[in-house]
Amino acid sequence: MGIKAFYFCSQNDKTINIMADYTQMWTDLGLDHDNHNALLDNLGKAYQSIFMAQDNRPEGMSYFDFVMSEAHGLRIQELRDEQKAGRKIIGSFCVFVPEEIILAAGCTAVGLCAGADFAQEEVEKVLPRNTCSLIKSFFGFKLGKVCPYMEVSDMIVGENTCDGKKKSFEIFKDMVPNFYQMDLPQTKTPMARHMLKQEYKSFVEKLEEMTGKSISTEALKQGIATVNAKRQALRRLSMLRAANPAPISGLDALLINQIAFLDNPVRFTEKVNALCDELELLVKESKGAKTAKAPRVLISGCPMAIPNWKIPTIIESTGAVIVGEESCIGERGQRNLTDDSADNLNGLMDSITDRYLKIDCAVFTPNQERINHIKEMKQQYNADGVIHYGLQFCQPYIMESFSVEKELEKQDISVLRLETDYSQEDMGQLSTRVEAFVEIIK
Ligand code: BJ8
């Protein structure tokens, strides 16, 4: 049986030629072929109808289409080749797990958050029904044996952030052979900073024990440089979206931010910069994904893990354009560079700790920084309104959405609070609410 990776991207001959039969690799990884094929088939159809059907896509998106077409194929093959050459693959679920440290240890980081329902019946045998979709989804990907990233990981890092993740990892840790727990603070006091630095030091020790090699100052500087370059490229992309018309759709920009968690970081950075070169020209020529009259929306809230494209699809199908994501798969996760000026390991670990402690996830209290950041982004990207996206049963973001709404409304910024999950059942109702909101901000 000749199975290609994803079925959705075969725009050019080169892509078709590269596609290969990965059946043996998937068997070796222990994937369930029927489940996996069903997942790829559904994703392929969704990708075609959501991404490939868009008008005015920049040419530079063809690379990201290709990465998606080979996300379960060539990319996994690359990771296995890296493993054969001695690298370890480290999977994680949170932007608090420092990629700089993983790279410095000679390892490769991959994101494991999942954005689609799978094996729901099985999942609800081990997790309460009222668990957020993001958690249920990665459990479903594990139980349904459909995630090659999870299966290829030499170590899976779970973090103590929200109660849902923290407690579900107590169950998940027994479902995988290689789990590592990272504790994280929930305040930003000096004590919390000290704790975070200690956690990161323990993580360094764990990676050193795993690889049998010490992390040097030079390697950590190099890791920081690689990740800073990736963040700078994503920042450049974000800033270009401030133009009117926006040169790229919110869907495509989200896709790039999602791919940032899967692709080789150096190659990804080059491709994002190449795309930005093209977008700069489009901005000069006042060409965009939509017209200059398109209402401009900022999204804020829970991360949208791949392949969660539900809300952006609804928003952009109204004719509006998304100009920014205040999200961990977006600006919250990628902003702020790590200072690389220290010339010793301890100094660099301080810089890493300081950089990560700036992340304003809703698990922190108080969290005024996040509200300030949403206001800044609204200004910076010339958004006409903010849509707050909360996953059902996500207490941190849904609770915080009330304060977000209150503060934004004080400044006459229009806000729509949405609460949903990964199912398609509420699409009609969500579309009606989003259409009404877009009419208001027009
Ligand atoms: S730093 S946002 S990546 S924890 S949606 S699982 S919060 S109940 S994902 Fe996150 Fe790190 Fe924070 Fe970012 Fe819990 Fe909410 Fe589910 Fe969530």
Side-chain angles (χ1 to χ4, degrees), residues 90-99 109-117 123 127-142 156-172 181-188 192 196 199-200 203 231 234 254 257-258 260-262 299-306 308 310-311 325-336 352-353 355-367 369-371 373-374 388-402 404 417-423:
I90 313 296
S92 67
F93 302 90
C94 181
V95 294
F96 263 95
V97 179
E99 188 175 1
V110 291
L112 299 180
C113 287
D117 286 337
V123 172
L127 285 179
R129 185 171 258 258
N130 57 353
T131 303
C132 87
S133 291
L134 191 147
I135 297 171
K136 279 186 176 171
S137 178
F138 72 74
F139 267 72
F141 276 37
K142 178 66 202 170
I156 294 184
V157 184
E159 24 45 75
N160 292 341
T161 44
C162 63
D163 284 351
K165 271 188 176 175
K166 191 163 59 191
K167 298 307 285 183
S168 67
F169 285 137
E170 289 177 7
I171 302 165
F172 190 75
Q181 186 88 24
M182 182 180 279
D183 201 12
L184 293 178
Q186 309 216 327
T187 64
K188 297 195 175 172
L196 185 61
E199 270 304 315
Y200 285 166
F203 186 48
R231 292 188 185 128
L234 286 167
L254 172 65
N257 276 284
Q258 291 173 330
F261 292 86
L262 304 180
I299 292 193
S300 167
C302 292
M304 292 179 184
I306 208 165
N308 177 7
K310 178 175 167 179
I311 295 293
E325 298 78 25
E326 188 281 316
S327 163
C328 283
I329 301 183
E331 192 161 312
R332 189 191 315 125
Q334 298 294 350
R335 75 190 177 130
N336 298 318
I352 290 173
T353 307
R355 185 265 160 198
Y356 280 84
L357 206 56
K358 287 184 192 143
I359 298 172
D360 41 18
C361 169
V363 300
F364 282 88
T365 183
N367 198 24
E369 290 120 304
R370 177 168 168 245
I371 296 177
H373 184 216
I374 299 169
H388 191 283
Y389 167 73
L391 273 175
Q392 222 172 15
F393 310 121
C394 170
Q395 285 184 346
Y397 282 92
I398 295 199
M399 288 217 182
E400 208 163 271
S401 71
F402 288 86
V404 169
R417 282 192 297 118
L418 297 179
E419 196 176 320
T420 184
D421 54 19
Y422 288 174
S423 76

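All ligand and atom numbering here is 1-based and tracks the order in the structure.
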Worksheet item: Where do C94 and L184 come nearest, in terms of heavy atoms and distance?
Response: SG-CD1, 4.5 Å

Worksheet entry | Nearest non-hydrogen partners of I398 and F393, listed with the distance | CD1-N, 4.3 Å

Item to complete: Go through ligand 1 atom by atom and flag the ones less than 4.0 Å from a non-hydrogen atom of I135.
Response: 6 (S)

Item to complete: Heavy-atom contacts with C132 under 4.0 Å: which atoms of ligand 1 show up? List them by number with element.
Response: 5 (S), 6 (S), 8 (S), 16 (Fe)

Practice prompt. Among F172, F169, F93, find the one that has a ring pair (Phe, Tyr, Trp, His ring centres under 6.0 Å) with F139.
Written response: F172

Response to the item:
If you scan protein heavy atoms around atom 10 (Fe) of ligand 1, the nearest is K165 NZ, 3.8 Å

Worksheet item: atom 15 (Fe) of ligand 1: which protein heavy atom is closest, and how many Å away?
Response: C394 SG, 2.3 Å

Fill in: Sidechain-backbone polar pair: Q334 side chain, I329 backbone, donor-acceptor under 3.5 Å
no

Discussion item. Treating S137 as the side-chain partner and L134 as the backbone partner, does any N or O pair qualify as donor plus acceptor under 3.5 Å?
Written reply: no

Worksheet item: Taking the inter-plane angle between the rings of Y356 and Y200 on a 0 to 90° scale, is it parallel (under 30°), tilted (30 to 60°) or perpendicular (over 60°)?
Response: perpendicular

Worksheet item: Is the NZ atom of K188 crowded by more than 12 outside heavy atoms at less than 6.0 Å?
Response: yes

Worksheet item: Using a distance threshold of 2.8 Å, what protein N/O/S atoms lie below it relative to atom 12 (Fe) of ligand 1?
Response: C361 SG

Discussion item. Under 6.0 Å from the ring centre and within 45 degrees of the ring axis: does the NZ or CZ of R417 meet both conditions for the six-membered ring of F402?
Written reply: yes

Practice prompt. Look at atom 2 (S) of ligand 1 and find which of F393, Y389, F93, Y397 reaches it with the closest heavy atom.
Written response: Y397

Item to complete: Please report the C-alpha distance between N367 and D360 in whole Å, then the side-chain angles of each, then the deciding distance to 0.1 Å, and finally whether the side-chain hydrogen bond (donor to acceptor under 3.5 Å, both in side chains) criterion is met.
Response: CA-CA 7 Å; N367 198 24; D360 41 18; 6.0 Å; no

Worksheet item: Protein heavy atom under 4.0 angstrom of atom 6 (S) of ligand 1, is there one?
Response: yes

